[in-house]
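Contents: one structure, followed by commentary.
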Amino acid sequence: MAVSTGRAAAAGDTRGRSRHDKPGRLRRTWSAHWYAWAMIAPVVVVMAVLIGWPLARGIYLSLTDATEANIGRTIGVNVIPATYEFVGLDNYLRILTSSLFWDKLIWTVVWTVVCVALHYGIGLGLAVMLNRKLRWRSVYRVLLILPWAVPAFVAAFIWRYLYNSDYGVINGFLKMAGLSGVGWLDDPTTAKIAVIAVNVWIGVPFMMVALLGGLQSIPAELYEAAEVDGADAWQRFRAITLPGLRQVSSTVVLLGTIWTFNMFPIIFLVTRGGPGSETEILVTYAYREAFTGIRDYAGSAAWGVIILLMLVVLAVGYRRTLRSQGDPW
């Protein structure tokens, strides 16, 4: 009995030591993928410095009453300490209860929906056209992708000149046709149409290229089988093309929505947010809060955090909707 008891105790000690000696999940992951972690470490550090720290600083400022008057700064050899105070959620409550925020939000949503819909619709049409065997197809592709290659601020300056009431090319053509010129950037309605047109001109090439890649990944045998079965062009498009582009479409629509929602240079450089502030979207107004007039850093930071939260909610909701419909994305 003493011997068996000793053996049982020894076995228990061995099992205990094996449990303690077994590496944890984090240690096993590091041992198996240490090279991958080492490769992405510089990127993580850079993102933490360039994105993480400014984001944390912005969230902190949004909870204070920091303005140009009470922010800490150095003038020559004089160091002026910061005197702003923590105010909690006051900035958020002030913004969310103001009619200005909801007016800007409505126009931002309209701007985003119209632009993304036109991006996708025109881009899909051009992609379908370029997916066929056409003469000079490579030339067409290069010409249609040029607007995407032009930097946004350069395109904004070019279009601002085209829209000029007195010397613009567009009004010049209208006058040559015997029509009167239009003050494109002087009226709220025409100014909104003008910035939407510029953004569509810039954004369509990206949609076209992405959807063209998706079209070329659809097996040609599916179209041949459908044509043998008597399906017409519209039926083939609806039953094969659209389902085949589902994953690509979901990705580019989400990216296009985020980019358009935050499309600062087009609004700011083409119309300056005018006339008045009629074409101002959320991101341009947040910029004005921080860098024009009496600079309200706390208010601008609160606007930025609200914009970020809306986009995060949109992205998460969009992905959950796609997953509920069976999309693995």
Side-chain angles (χ1 to χ4, degrees), residues 95-126 144 147-148 150-208 253 256-289 291-293 300 303-304 306-307 310-311 314:
I95 293 172
L96 295 175
T97 55
S98 67
S99 59
L100 176 66
F101 169 78
W102 296 105
D103 290 341
K104 301 306 177 190
L105 177 61
I106 292 172
W107 161 234
T108 304
V109 171
V110 171
W111 149 266
T112 303
V113 171
V114 172
C115 287
V116 173
L118 291 175
H119 287 168
Y120 186 83
I122 298 174
L124 179 58
L126 293 174
L144 289 172
W148 190 32
V150 177
F153 71 92
V154 175
F157 286 129
I158 293 173
W159 278 93
R160 184 173 176 84
Y161 171 73
L162 295 177
Y163 285 133
N164 187 277
S165 302
D166 300 322
Y167 310 107
V169 175
I170 297 176
N171 278 351
F173 282 121
L174 292 177
K175 292 176 181 178
M176 289 173 59
L179 302 174
S180 59
V182 178
W184 294 101
L185 306 181
D186 301 329
D187 180 76
T189 302
T190 57
K192 291 178 179 179
I193 295 173
V195 291
I196 288 174
V198 177
N199 194 52
V200 169
W201 183 80
I202 292 175
V204 162
F206 167 75
M207 287 286 185
M208 180 193 70
V253 167
T257 300
I258 294 174
W259 292 339
T260 304
F261 199 89
N262 287 324
M263 182 55 71
F264 175 85
I266 300 303
I267 298 293
F268 188 78
L269 297 177
V270 174
T271 65
R272 310 286 183 183
S277 62
E278 291 294 328
T279 58
E280 201 96 73
I281 59 176
L282 293 176
V283 67
T284 58
Y285 189 83
Y287 170 84
R288 289 191 182 279
E289 284 282 281
F291 298 105
T292 60
S300 177
W303 279 81
I306 291 173
I307 294 170
M310 287 191 293
L311 290 175
L314 171 66

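- Taking the side chain as every heavy atom from C-beta outward, Val283 and Phe268 never approach each other to under 4.5 Å.
- Thr279 and Ala191 make their closest contact through CG2-CB, 3.8 Å (heavy atoms, listed as atom of the first residue, atom of the second, distance).
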All N/O donor-acceptor pairs, side-chain side in residues 152-161, below 3.5 Å, sequence neighbours left out:
unit_1, atom_1, unit_2, atom_2, d
Arg160, NH1, Val270, O, 2.3

- Task: Could you go through the side chain to side chain contact (heavy atoms under 4.5 Å, CB included) check for Asn262 and Leu311 one step at a time?
- Result: CA-CA 10 Å; Asn262 287 324; Leu311 290 175; 3.2 Å; yes
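- A distance of 10.5 Å separates CD1 in Ile170 from OG in Ser165, rounded to the nearest 0.5 Å.
- A donor-acceptor pair shorter than 3.5 Å cannot be found between the side chains of Thr284 and Lys104.
- Residue Ser277 holds its OG atom at 8.5 Å from CG of Asp103, rounded to the nearest 0.5 Å.
- Atoms OH and OG1, on Tyr287 and Thr292 in that order, are 7.5 Å from each other to the nearest 0.5 Å.
- Within the 4.5 Å cutoff, side-chain heavy atoms of Leu282 are placed close to those of Met310.
- When all heavy atoms of Asn164 and Asn171 are compared, the closest pair comes out as O-ND2, 3.6 Å.
- In this structure the side chain of Asn199 reaches within 4.5 angstrom of the side chain of His119, judged on heavy atoms.
- Within the structure, salt bridge (Lys or Arg N to Asp or Glu O under 4.0 Å) contacts touching residues 168-192 (residues at least two apart or in different chains) do not occur.
- Counting non-hydrogen atoms of other residues, nucleotides and ligands closer than 6.0 Å to CZ of Phe264 gives a total above 12.
- Atoms OG1 and CE, on Thr112 and Met263 in that order, are 10.0 Å from each other to the nearest 0.5 Å.
- Contact check for Pro205 versus Leu144: no side-chain heavy atoms found under the 4.5 Å cut-off.
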Item to complete: Might you work through the side chain to side chain contact (heavy atoms under 4.5 Å, CB included) test for Ile266 and Trp111, ending with a clear yes or no?
Response: CA-CA 12 Å; Ile266 300 303; Trp111 149 266; 4.2 Å; yes
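- For the pair Tyr163 and Val198, the minimum side-chain heavy-atom distance is below 4.5 Å.
- Among all heavy-atom pairs drawn from Trp201 and Pro147, the shortest one is O-CB, 3.3 Å.
- Note that the CZ atom of Phe261 and the OG1 atom of Thr257 stand 10.0 Å from one another [nearest 0.5 Å].
- Residue pairs satisfying the salt bridge (Lys or Arg N to Asp or Glu O under 4.0 Å) criterion with at least one member in residues 263-283, sequence neighbours excluded, are listed as follows: Glu280-Arg288.
- Minimum interatomic distance between Cys115 and Thr260 (heavy atoms only, all atoms of both residues): CB-CG2, 3.7 Å.
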Inset, instruction - For Trp303 and Phe101, run ring pair (Phe, Tyr, Trp, His ring centres under 6.0 Å): C-alpha distance rounded to whole Å, both residues' side-chain angles, the deciding distance at 0.1 Å, then the answer. - result: CA-CA 9 Å; Trp303 279 81; Phe101 169 78; 5.6 Å; yes
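- Taken to the nearest 0.5 Å, the CH2 atom of Trp184 stands 11.0 Å off from the CG atom of Leu162.
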